[in-house]
Amino acid sequence: MSALLYQNADIYLFVAVFLLFCGIAGLIYRRTLIGMLVSMELIMNGAGLNLIAINRFISPDNGYGLAFTLIIMGIAAAESAIALSIIIIIAKRYRHIESGDIKELKY
Amino acid sequence: MSIGESIFLLAIAATMGGALTAVFARSIVHAMMGLITALFGIAGLYVYLNNTFLAMMQILIYVGAISILIAFAIMLLGPDSKKYTGFSVPGKLISALAVAAVSVVMFVRFILTNLKGDPHAVYAVTAKDLGRIFTDRLVLPFELISLLLVVAIIGAVMLSISSRNSRGDK
């Protein structure tokens, strides 16, 4: 246990796993598609925080975790843009975005 | 407790509270506000991990772009929070309990496993080093990210055009 609280890797990893399971619980719990997209953003942020914490505490002499976190940010931006355009099309077609009632593309 | 540790605990509280609000809030606008709070908290944690560049990128990309995109979508669709009843299907309750059990197991493993890191090592990866990495070794992923963004933009435009053409169908 180091002297300062923020020089301990376990706290960052715990926050990352908390974000991951908040996101998974949101994916199960939410009914609307936008709520599920918000949960996806939480999962991606947990992954980024995990990478940065591991990079800081395990191998502090290179910056690959930082680069991968920036790549995750780019993927999240592209994913949310595509997902929101699809959600808007679904809302125009069905007049709602309840994920349980969209059954036309299911089978 | 020093003032740095208090601010650190405040960032962690903002992250966790924002995540819980984003998941369990009744209104979708409140969920978006919780998401923005969690993203600011994570930016604070990045500052404590000696990554001010990444904290700025977090605020610019996530808070400035993605959250505003979600806000635009909510404003376009209307915040229809009709009859929100949580777990109606028992299968969903069972899956939620499974998720909680797995999270408890992982947390216990985190507690028991002591991560052998060196907290006092010098970690100063600057934006210059990051640019070096992207242009020396990670050239292909960098270019693939730009290709992915172009494809996403063209795909969003094509989806909006095709939905405008097929508006009279239904």
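So that the names make sense, note that chain A is the first sequence line, chain B the second, and so on, each numbered from 1.
Residues B:A152 and A:A78 share a closest heavy-atom pair of CB-CB, 3.8 Å. Listed here is the closest heavy atom pair of B:A73 and A:I34: CB-CD1, 4.1 Å. Closest approach of A:R30 to B:A25, counting heavy atoms only: NH2-O, 3.0 Å. Across A:Y29 and B:V23, no two heavy atoms sit closer than the pair CD2-O, 3.8 Å.
Proximity to chain A (any heavy atom under 4.5 Å) is restricted, for B:L9, to the side chain, taken from C-beta onward. A:N55 touches chain B through backbone and side chain together, each having a heavy atom under 4.5 Å away. Of the two parts of B:N51, only the side chain, counted from C-beta on, holds a non-hydrogen atom closer than 4.5 Å to a non-hydrogen atom of chain A. With a 4.5 angstrom heavy-atom cutoff, A:I71 touches chain B via backbone and side-chain atoms both. Heavy-atom distances place both the backbone and the side chain of A:A76 under 4.5 Å from chain B. In this structure, the portions of A:V38 lying under 4.5 Å from any heavy atom of chain B include both its backbone and its side chain.
For the set A:I88, A:L27, A:L84, the count of heavy-atom pairs under 4.5 angstrom toward chain B peaks at A:L84. With chain B as the partner, the residue from A:S59, A:C22, A:G23 showing the most heavy-atom pairs under 4.5 Å is A:C22. Counting heavy-atom pairs under 4.5 Å between each of A:I86, A:I52, A:V15 and chain B puts A:I52 at the top.
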Verdict with reasoning, A:N45 to B:Q58, per side-chain contact (heavy atoms from CB on, under 4.5 Å): CA-CA 9 Å; A:N45 271 288; B:Q58 170 92 6; 3.0 Å; yes
Stepwise side-chain contact (heavy atoms from CB on, under 4.5 Å) check, A:R56 with B:Y48: CA-CA 10 Å; A:R56 161 76 176 84; B:Y48 276 99; over 6 Å; no
Please step through side-chain contact (heavy atoms from CB on, under 4.5 Å) for the pair B:V102 and A:F21, ending with a clear verdict. CA-CA 9 Å; B:V102 174; A:F21 285 104; 4.1 Å; yes
Yes or no on side-chain contact (heavy atoms from CB on, under 4.5 Å) for B:L49 and A:L49, after CA distance, side-chain angles and deciding distance? CA-CA 10 Å; B:L49 286 167; A:L49 185 60; 4.3 Å; yes
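Annotation: the span from B:I145 atom CD1 to A:M73 atom CE amounts to 12.0 Å, rounded to 0.5 Å. Atom CD1 of A:I87 is separated from atom CD1 of B:I70 by 8.5 Å, given to the nearest 0.5 angstrom. Taking OG of A:S80 as the start and CG of B:L69 as the end, the distance is 5.0 Å to the nearest 0.5 Å. The distance from atom CD1 of A:I82 to atom CD1 of B:I153, rounded to the nearest 0.5 Å, is 9.5 Å. The CG atom of B:L148 sits 10.0 Å away from the CD atom of A:E79 when rounded to the nearest 0.5 Å.
Every ring pair (Phe, Tyr, Trp, His ring centres under 6.0 Å) that A:F14 has, sequence neighbours left out, goes to B:F107.
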When the side chains of residues 63-70 of chain A are checked against the rest of the protein, which donor-acceptor pairs come out under 3.5 Å, sequence neighbours left out?
{"from": "A:Y64", "atom 1": "OH", "to": "B:R137", "atom 2": "NH1", "distance (Å)": "3.2"}
{"from": "A:T69", "atom 1": "OG1", "to": "A:G65", "atom 2": "O", "distance (Å)": "2.7"}

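The 12-atom threshold is not exceeded at CE of B:M33, counting heavy atoms of other residues, nucleotides or ligands nearer than 6.0 Å.
The hydrophobic cluster containing B:L39 also contains B:L60, counting ILVMFWY residues as joined when their side-chain heavy atoms lie under 4.5 angstrom apart, directly or transitively.
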